Protein chains: 2
Amino acid sequence: MDRPPTMKDVARAAGVSVMTVSRAFKSDRSVSQQTREKVREIAEKMGYVFDSTAANLRSQKSGFIAVTIPTIDNGNFSDTVGSLSAHLNASGLQILLGYSDYSIEKEEELIEQLLRRRPEAIVVTGGRHTERTRRLLKQAGIPVVEMWDLPTDPIDHVVGFSNASTMEMMVDHLVEQGYQRIAFVGGDTVWDTRGADRRRGFVTGMARHGLSGQARFIAGGKPPISMRQGADAMTELLEQYPDTEAVICVSDPAAFGATTECMRRGLVIPQDMAVAGFGGYELSSISHPTITTVDPRPMDIGSQTAKLISFLLNSAERHEGSKRVEISPVLRPGASTMR
Amino acid sequence: MDRPPTMKDVARAAGVSVMTVSRAFKSDRSVSQQTREKVREIAEKMGYVFDSTAANLRSQKSGFIAVTIPTIDNGNFSDTVGSLSAHLNASGLQILLGYSDYSIEKEEELIEQLLRRRPEAIVVTGGRHTERTRRLLKQAGIPVVEMWDLPTDPIDHVVGFSNASTMEMMVDHLVEQGYQRIAFVGGDTVWDTRGADRRRGFVTGMARHGLSGQARFIAGGKPPISMRQGADAMTELLEQYPDTEAVICVSDPAAFGATTECMRRGLVIPQDMAVAGFGGYELSSISHPTITTVDPRPMDIGSQTAKLISFLLNSAERHEGSKRVEISPVLRPGASTMR
DNA sequence: TTGAAAGCGCTAACAA
DNA sequence: TTGTTAGCGCTTTCAA
């Protein structure tokens, strides 16, 4: 016959019961060393591949952790996922990844789909979700972690930072350097809630220094904002507000695009124009001049989330209250804002 | 009781059999419109979530496509995965992603783990694998696609391009521009087989023009090669071979790092030094000067792979022979090599 | 259009 | 240390 061999086939070939085969494939079960080796050897020879699907159904444990991110096309999110994945794999857990494309409606659909796979926990990016998403997550009966944000009304657990605060830090830094007429370049804020938070932080930070940030906002389009969009936004900015001294971009790639546009126009950074970004990308530390950025430590978000999940799954008891892990982003001053 | 509701619970609440509930959740089965609506409404109210695990076990279809890439920390691979994912989702398939970290041993382990989830097809990056990996894949009884390469001895299907040829193209371009003393910067070739192929192409291309490429090779370390490593390699190159006129880097980020190092040293690109990369990253088209690169069209690799998989899964019959889809990378000349 | 019975491949629970 | 029995939550198959 042609169908792939099952445990039953292996059991028959090895002259033992299926239960013995099952045990031979676990690590800490009671099987004699001799039997285990024999069974494994025969299984390998037969080309037997263990079927997790069946095991999961019976034991009601999928070994999956569901994760949603807006897009894979963003080094910060992929760093978080990479780190999360590496840490969870060590615990024998696998990531089930989905992309919401910056849409909370798509996120709802995605989460519904992911929950059908019976993940043991679910990690979502950001603090804004549809009402139905919130309900689905609360009813799911598994740990829920919101990451990359500090929601005011969290669903359950949180591993994140305040996007608004990072931009307040940045405004403080620029004002300290003597800049006053500061602009903000971001994406359409209906889409990118974290981008919107950053813009809000910019406005608040400016107000604290008695400056108006409201006026100088350039929308670069749908996120993730590309380098090209950053460059185009710079052009628009120079047309609309030619007296601008400094620009804060919603992300490092956009900031890099903005610097190249300045160079093309013969503007000297940071004398004629200061440029700052967000994300702590390698690009910012190596470009010439180096670009001031805020590093949100995406790998730490991943590892802290993994740690939290391992804790939640391993402690047998139901937990009282929800954990909240705050990550502290770091301002990394570059040559682009030091005049 | 506290456990999540099952189809049985929904059936009881709706006063129908489980089979009717099951049918109400499929699209094209025979259920009366009235019954379907009633069942779905009750299910939603109860907070019922369909359990794919059980459905998959019974129907022997997981809805998973397993995919392995070396790392998520590489824009080219994530572009391919993003595109693949988007196209497969449209067919109701979900990606099960794993990272091999550029190690064929880790890849073997990873593939073994992924096969236990009973994917309906598997996509692996690259043409070099352990003997056991090849055996596992051949025995798996599902379509196997090797992407991002054109292996000489493919396991099954292939969607890729010749990494060596891209570098021959690049050498041709540089020689055409009048460069002769050309160097290559890449990673440790034992790790990155695609990087090794590119280096081979470089050597072949040079030889075709009667030039020696063998000599000027700078190893930048374990892949993926960072911008910093590209910059450091440039430093090493200038020390070892100060007469070098042009450098081809294994990837765009490395090439960008190399250009920044040149700038720091006051070298003018492309007059004093030409720099070229690989990957067709946005970075290359927007940096100043723009950097010559080869675009391997990673999104096309993803969409073509998705298309192939859909075809293979939908045609009921066993297929004779293996498909081979060749992608044509495009040379994108930039200012960095045009003297 | 609906339902009853059987079973997908594994493991929990218990027995020997 | 090993085996037996039952069943995880669905869908296939067949019957009404």
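Just so it is clear: chains get the letters A, B, ... in the order the sequence lines come, proteins before strands, and each one is counted from 1. Predicted, not measured: the structure shown is a model, and the values here were computed from it. What's counted below: heavy atoms across the whole structure, side chains too, no hydrogens, waters or symmetry copies.
If you measure from atom CG of D51(B) to atom P of dC8(C), you get 18 Å, rounded to the nearest angstrom. Between D9(A) atom CG and dG9(C) atom P the separation is 9 Å, expressed in whole Å. Atom NZ in K26(A) sits about 8 Å away from atom P in dA12(C), given to the nearest Å. In this structure, the NZ atom of K61(A) is 13 Å from the C1' atom of dA12(C), given to the nearest Å. Rounded to whole Å, the distance from CZ on R3(A) to P on dC10(C) is 10 Å. In this structure, R12(A) places its CZ atom 12 Å from P of dG9(C), rounding to the nearest Å. As rounded to whole Å, 12 Å separates atom P of dA13(C) from atom CD of Q60(A). If you take CG of N56(B) and C1' of dG9(C), they are 13 Å apart, rounded to a whole angstrom.
Between S103(A) and S100(A), the side chains place no donor N or O within less than 3.5 Å of an acceptor N or O (distance only, hydrogens not considered). Judged purely by distance below 3.5 Å, without hydrogens or angles, the side chains of T53(A) and N56(B) never pair a donor atom with an acceptor atom.
Between F50(B) and F25(B), the two ring planes are tilted [angle within 30° to 60°].
One finds no salt bridge joining R132(B) and E105(B) here, because no Lys/Arg side-chain nitrogen approaches an Asp/Glu carboxylate oxygen to under 4.0 Å. At a threshold of 4.0 Å, the pair R116(A)-D51(B) does not count as salt-bridged, since none of the basic side-chain nitrogens sits closer than that to a carboxylate oxygen. With respect to R134(A) and E108(A), no salt bridge is recorded, no charged nitrogen being found less than 4.0 Å from a carboxylate O.
Residue R58(A) places its side chain closer to dT11(C) than to any other of dC10(D), dT12(D), dT11(C).
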With the criterion being N/O to N/O and under 3.5 Å, what pairs connect the protein with nucleotides 2-4 of chain C, and how long is each?
| residue | atom | partner | partner atom | Å |
| --- | --- | --- | --- | --- |
| dT2(C) | OP1 | T35(B) | OG1 | 2.7 |
| dT2(C) | OP2 | S32(B) | N | 3.0 |
| dG3(C) | OP2 | S17(B) | N | 3.0 |
| dG3(C) | OP2 | S17(B) | OG | 2.9 |
| dG3(C) | OP2 | T20(B) | OG1 | 2.3 |
| dG3(C) | N7 | R23(B) | NH1 | 3.0 |
| dG3(C) | O6 | R23(B) | NH2 | 2.6 |

*Where do K307(A) and S303(A) land on the side-chain contact (heavy atoms from CB on, under 4.5 Å) test, with the steps shown first?*
CA-CA 6 Å; K307(A) 200 174 147 192; S303(A) 58; over 6 Å; no

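When the side-chain nitrogen and oxygen atoms of Q34(A) are compared with OP1 and OP2 of dT1(D), none of them lie within a distance under 4.0 Å. Phosphate proximity of dC10(D) to Y48(B): present, with a side-chain N or O under 4.0 Å from OP1 or OP2. The side chain of S59(B) contributes no N or O atom lying less than 4.0 Å from OP1 or OP2 of dT11(D).
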